[in-house]
Amino acid sequence: MSKEIDIQVSSGNIFADLGMPNSDEMLMKAELVRQITKIVSQRKLNQVQAAEVLGIDQPKVSALMRGKLTGFSTERLFRFLNALGCDVKIVVK
């Protein structure tokens with residue numbers, strides 16, 4: 001016996017698909033955090049070292065690495081990327 005599975009095509013923004021408010025902002029923050037986590041991992045920084053570079057405490061790094069987006073503004077995430085040596089380019093289409 002096989003069951004039919006209802007499949008919905010994603011819009012490309014999971015937060016919008018789930019009907020969450022501020023979905024565009026959440027998607028942007030998620031991508032910024034993904035980039036921060038990638039750089040920290042590539043540099044083989046532990047959370048204490050990352051906290052020192054980012055200018056925050058280790059528990060905040062832990063929350064960031066676990067994808068906890070609340071408490072981190074977009075501007076703050078930009079500053080973290082700057083502290084990691086990245087330039088942030090904003091493109092408006």
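Nothing here was measured: the structure is a model prediction, and the numbers come from that model. This chain uses plain numbering: 1 for the first residue, then up along the sequence.
We find the CG-CD distance between Asn46 and Glu52 to be 9.5 Å, quoted to the nearest 0.5 Å. If you take NZ on Lys29 and CZ on Phe15, they are separated by 10.0 Å, rounding to the nearest 0.5 Å.
In terms of the side-chain hydrogen bond (donor to acceptor under 3.5 Å, both in side chains) criterion, residue partners of Ser62 (sequence neighbours excluded) are, by chain and number, Arg66. Among residues two or more places apart in sequence or in another chain, the side-chain hydrogen bond (donor to acceptor under 3.5 Å, both in side chains) test is passed with Gln58 by Gln47. Partners of Asp17 under the side-chain hydrogen bond (donor to acceptor under 3.5 Å, both in side chains) rule, at least two apart in sequence or in another chain, are Ser10, Ser11. Partners of Glu31 according to the side-chain hydrogen bond (donor to acceptor under 3.5 Å, both in side chains) rule, which considers only residues two or more places apart in sequence or in another chain, are Arg34, Gln35.
A 4.5 Å side-chain heavy-atom check between Val61 and Ile56 finds at least one atom pair inside the cut-off.
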Quiz: residues 70-93 side-chain donor-acceptor pairs under 3.5 angstrom, not counting sequence neighbours:
residue : atom : partner : partner atom : Å
Ser73   : OG   : Arg76   : N            : 3.0
Arg76   : NH1  : Gly71   : O            : 3.1
Asn82   : ND2  : Cys86   : O            : 2.9

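No donor-acceptor pair closer than 3.5 Å links the side chain of Glu25 to the backbone N or O of Asn22. Without hydrogens or angle criteria, Asn13 side chain to Leu27 main chain gives no donor-acceptor distance under 3.5 Å.
Closest of all the heavy-atom pairs between Leu69 and Met26 is CD1-O, 3.8 Å.
As a member of the Ile/Leu/Val/Met/Phe/Trp/Tyr network built from side-chain separations under 4.5 Å, Ile5 groups with Ile7.
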